[in-house]
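Reminder, nothing fancy here: chain letters follow the sequence lines and each chain counts from 1. Both backbone and side-chain heavy atoms feed into the values below; hydrogens, waters and symmetry mates do not.
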Amino acid sequence: MTDEHELIRIRKEKLKKIKEQGIDPYALHFRRTHSSESVHECAKKISIGEVLEDLEVAVIGRIITVREHGKSCFAHIRDDSGDIQIYIKANAIGEKTYGLFKLLDIGDFIGVKGKIFKTRTGEDTILVSEFSIFSKSLQPLPEKRLGLRDIELKYRRRYVDLIANKDIKPLFKLRSHIISSMRRFLEGKGFLEVETPMMQQIPGGAMAKPFVTHHNTLDMDLYLRIAPELFLKRLIVGGFEKIYEINRNFRNEGISTRHNPEFTMLELYQAFVDYEDLMHLTEEMFCVIAEECLGKTSIEYQGNKIELKKKWKRLSFVDAIKKYAKIDLESVSDKELKNSAKELVPEIRKMNSFREIVDAIFKKVVVPNLVEPTFIVDYPERMCPLAKKKKDNKNLTERFQPYICGIELGNAYSELNDPMEQKERFLDQIKDRKMGDSEAHLMDEDFITALEYGMPPTAGLGIGIDRLVMLFTNSPSIRDVILFPQLKPLI
RNA sequence: GGGUCGUUAGCUCAACUAGGCAGAGCAGCGGACUCUUAAUCCGUUGGUUGUGGGUUCGAUUCCCUCACGGCCUACCA
C-alpha cells in the first residue's frame, strides 16, 4: 500500500469523500436522453448566446478536459458519438454540489442534465443544472495534447490508447465496417456463412506450423487450425454451393509487421466456377467495400496512390520470376536454381524443397514490385498441393494471389477435386516433409474419403482481413489493426 | 532465431556528443479568476534514470548481462 503512486492515492481519497456523502460513484443514476452527437443536432436550432428552452437533456460521458474559471467550470465530456462541452456554475447548482464537482477528475464518467446553449464563441454547450457520478477513474490519463505515444503501452493497454489517441477508435470502427461490408457483399451474392472447427486433429489447408493443445478427457493432442480449407471443402462435398467463413487462423510462426500468430481470414468456396470467376469476384468485392467504407474506390497506402476500380493486372508466376529474377522455371535445373537463389536471396537458410527456394526468390525479388493491384496466376504444381492443374499445362495450377502495394492479400485456386490425384499430391508433400520442409501438408485420409464421394468443380478464395484493413487504413503494421496484438508478458 | 535502435516523473520529452547536484511542458496539489476551450496568472509536490554487474573519487552518460519493445531480416500469410 505504501508504494501506491501519489496520483492514485489522491484519487482514492476523493473517492472516499464522495462515498462519505452517501453517493455510490459507480452506479447508474439516470438514463441518458441524448448522445453528444444528438445534442449538437439539437443545437443547430439556436444561435450564439441563445438557450434552447423547453428541452432538458441528460448526457453521460467521460470527462476529458477541464477549464476552471472561478466558481464556474467548462469541461468536455466524451461518449461514443463524440465530445460535448458542459458548463457548471456554482450559483446554478449550489455551493455544496459544486464542491462535489471539484472531487471529479479527468477520466471520470459523469452524467449531466441541463439545457443546451451556444457560448459566445459559438460552441454547443450544456448548462448543467444537475450532475451525477457514474464511475470514478483512479488512473491518470496520458498527456492531453500528445496522447499516448509509447508503442508498447499502446498495445499492452489498448483501452488507454483508445481513450487518449483520437484516431484509434475510428480506425477500429472502420475495421468493423469493412468486415460487415464484406459479409453484406457475400450474403448479397448468395453465400452462406458457416463455422468449421478451430481445433483440428490434422492441421491442414495451408503450409504453416500449428499450435498444439491437448484435450484432457479424450487424452489427445489437437491443433489450432492453420486454415479452415479442408472442412469447407467437405461442406461443398455435402452439397453447399456457396459458403464462406470469417474467423481466426493460428500459425506458430514469427511475428512481424505483416504477421500476427492469430489473424482473421475470409475463406469462401463456390461450386461450378473456376479461379477466373473468383478474380472478378475479388475485384468487385474490394471496390464495393472501398466504396461503402471509404466512400471512394481509390486508396493511398504508404505514399502509393492506388485505384481499385479497374481490371487488375494478371501476371503469371513463371513470367513474374522471368521478369524480375531472370530465371526460366520451365528450363532451369535444380542446381542452377539453387545457385540463383544463393545470389538473389543470400540470407535464405532453407534450401530443401523446390517450393521453398522458388517461394523465397518470389518474395524477395518479385513481391516488392507488385504495387498496382495484380493477380499473380498459374503457380507451379509443386507449390500448390490443393490446386487443380491447368488444362493446357500440367506443370501449372489454376491458382492466383492478389497483391497490392507489395502486400499479399490472399490466395485462391480452382480446387483439386480428383481424389486419386489429391492422394498422390499428399504423398509428394510427405516426401517434401521428409526432406525437411516442416510446413508441407500432412495426409488427411478423411478429406480424401470426402473427395471420393465426389466434390463438384469448385473454386476457393482466402483473403487476409487484417492486411486488407492495413491497406484501407494506411497502417504500416498489422499490430495497428489488431486490437490486442500478441506480446510477451512483462514479468 | 540473427542484426540494429530504444527504455529518464503518471504522460510527452530534455540532459548523454566530451562522466561532475537529473530538467521542462502536461497532469496532480494549493491559491486567484463566472463565456473558457492547449484557458490564463501565482506557488508547488513528484525520480532506485528498465534490471543486475563492471570501470571510476564520481555513471542517466562509458563497458557487459538480462528483460521488454520498435525497425530490418529469417520462418510465414
Q: Whole angstroms only, please: what is the CD1-P distance between A/I64 and B/A39?
A: 10 Å
Q: side-chain contact (heavy atoms from CB on, under 4.5 Å) with A/R314: which residues, sequence neighbours excluded?
A: A/M279, A/H280, A/E283, A/K311, A/W312, A/F375, A/V377
Q: From CE of A/M470 over to C1' of B/A77, roughly how many Å is that when rounded to an integer?
A: 11 Å
Q: Considering every strand and a 4.0 Å limit on heavy-atom distances, what is the contact class for A/G464: base, sugar-phosphate, or nothing?
A: nothing
Q: Give me the distance, rounded to whole Å, that separates B/U36 from B/C41 when you measure between the P atoms they each carry.
A: 15 Å
Q: Roughly, in whole Å, what's the span from CE in A/M207 to P in B/A74?
A: 19 Å
Q: Taking any strand in view, what nucleotide pairs with B/A32 in a Watson-Crick or G-U wobble way, both distances under 3.5 Å?
A: B/U40
Q: For A/K115, which residues count as a side-chain hydrogen bond (donor to acceptor under 3.5 Å, both in side chains) partner, sequence neighbours excluded?
A: A/E53
Q: Take nucleotides 26-35 of chain B nucleotide by nucleotide from the 5' end and write B, S or -, depending on whether a protein heavy atom sits under 4.0 Å from the base, only from the sugar-phosphate, or from neither.
A: BSSS---BBB
Q: Side chain of A/H5: nearest nucleotide among B/C75, B/A77, B/A9?
A: B/A9
Q: With heavy atoms under 4.0 Å as the rule, sort A/R149 into base, sugar-phosphate or nothing.
A: sugar-phosphate
Q: Take the protein atom CG of A/L344 and the nucleotide atom P of B/A74, then report the distance between them rounded to whole Å.
A: 13 Å
Q: Can you check the distance between B/G1 and B/G54, where both ends of the measurement are the C1' atom (answer in whole Å)?
A: 29 Å
Q: So if I apply the side-chain contact (heavy atoms from CB on, under 4.5 Å) rule between A/V39 and each of A/I86, A/D79, A/L55, A/I116, which one comes out positive?
A: A/I116
Q: Taking atom CE of A/M199 as the centre, does the number of heavy atoms from other residues, nucleotides or ligands within less than 6.0 Å exceed 12?
A: no
Q: Counting the atoms with a prime plus P, OP1 and OP2 as sugar-phosphate, which does A/L409 contact under 4.0 Å by heavy atoms, base, sugar-phosphate, or nothing?
A: nothing
Q: With a 4.5 Å limit on heavy-atom distance, are the side chains of A/I306 and A/V371 in contact?
A: yes
Q: Only pairs with both distances under 3.5 Å count, Watson-Crick or wobble alike; so what is the partner of B/C71 in this structure?
A: B/G3
Q: For nucleotides B/U73 and B/U65, find the distance between their P atoms and express it as a whole number of Å.
A: 25 Å
Q: Applying salt bridge (Lys or Arg N to Asp or Glu O under 4.0 Å), which residue pairs with at least one partner in residues 197-206 of chain A are found, sequence neighbours left out?
A: none
Q: For the CD1 atom of A/I77 and the CZ atom of A/F134, what is their distance to the nearest 0.5 Å?
A: 9.5 Å
Q: Over all heavy atoms of both residues, which pair between A/R225 and A/P228 is shortest? Give the atoms and the distance, please.
A: NH1-CB, 3.4 Å
Q: All N/O contacts under 3.5 Å from nucleotides 69-73 of chain B to the protein, with atom names and distances to one decimal?
A:
from  : atom 1 : to     : atom 2 : distance (Å)
B/G69 : OP1    : A/K488 : N      : 2.7
B/G69 : O4'    : A/E152 : OE1    : 3.0
B/G70 : OP1    : A/R479 : NE     : 3.0
B/C71 : OP2    : A/R479 : NH2    : 2.4

Q: Work out how far the C1' atom of B/C16 is from that of B/U8, and round it to whole angstrom.
A: 11 Å
Q: Identify whether any heavy atom of A/G147 sits under 4.0 Å from a base atom; if not, whether one sits that close to sugar-phosphate; answer base, sugar-phosphate or nothing.
A: sugar-phosphate
Q: How about A/E20: does its CD atom have over 12 heavy atoms from other parts shown lying under 6.0 Å from it?
A: yes
Q: How would you label the contact of A/Q139 with the nucleic acid (heavy atoms, under 4.0 Å): base, sugar-phosphate, or nothing?
A: nothing
Q: Just call it for A/M265: base, sugar-phosphate, or nothing, with non-hydrogen atoms closer than 4.0 Å on any strand.
A: nothing
Q: Within a reach of under 6.0 Å around CZ of A/R67, are more than 12 heavy atoms found that belong to other residues, nucleotides or ligands?
A: yes
Q: Does the structure show a Watson-Crick or G-U wobble partner for B/G52, both distances under 3.5 Å? Name it, or say none.
A: B/C64
Q: Looking across every strand, which nucleic acid part, if any, lies under 4.0 Å from A/D83 by heavy atom: base, sugar-phosphate, or nothing?
A: nothing
Q: Partner lookup for B/A24, please. Criteria are Watson-Crick or G-U wobble with both distances under 3.5 angstrom; report none if nothing qualifies.
A: B/U12
Q: If we take the C1' atom in both B/G25 and B/G46, what is their distance in whole Å?
A: 15 Å
Q: Checking all strands, does A/Q85 fall into the base, sugar-phosphate, or nothing category for heavy-atom contacts under 4.0 angstrom?
A: base
Q: For A/I163, check side-chain contact (heavy atoms from CB on, under 4.5 Å) against everything at least two apart and list the hits.
A: A/R62, A/L141
Q: Taking B/A22 as the reference, what is the distance to B/C26 when you measure between their P atoms (whole Å, please)?
A: 23 Å
Q: Side chain of A/K209: nearest nucleotide among B/C11, B/U36, B/C75?
A: B/C75
Q: What is the distance, to the nearest angstrom, from the CD1 atom on A/I8 to the P atom on B/C11?
A: 10 Å
Q: More 5' along RNA chain B: A/E123 or A/N249, using each one's nearest nucleotide?
A: A/E123
Q: Given the C1' atoms of B/U45 and B/G28, what is the spacing between them in whole Å?
A: 8 Å
Q: Once the angle between the rings of A/Y244 and A/F191 is folded into 0 to 90°, is it parallel (under 30°), tilted (30 to 60°) or perpendicular (over 60°)?
A: perpendicular
Q: Say you pick atom C1' in B/C33 and the same atom in B/C42; how far apart are they, in whole Å?
A: 12 Å
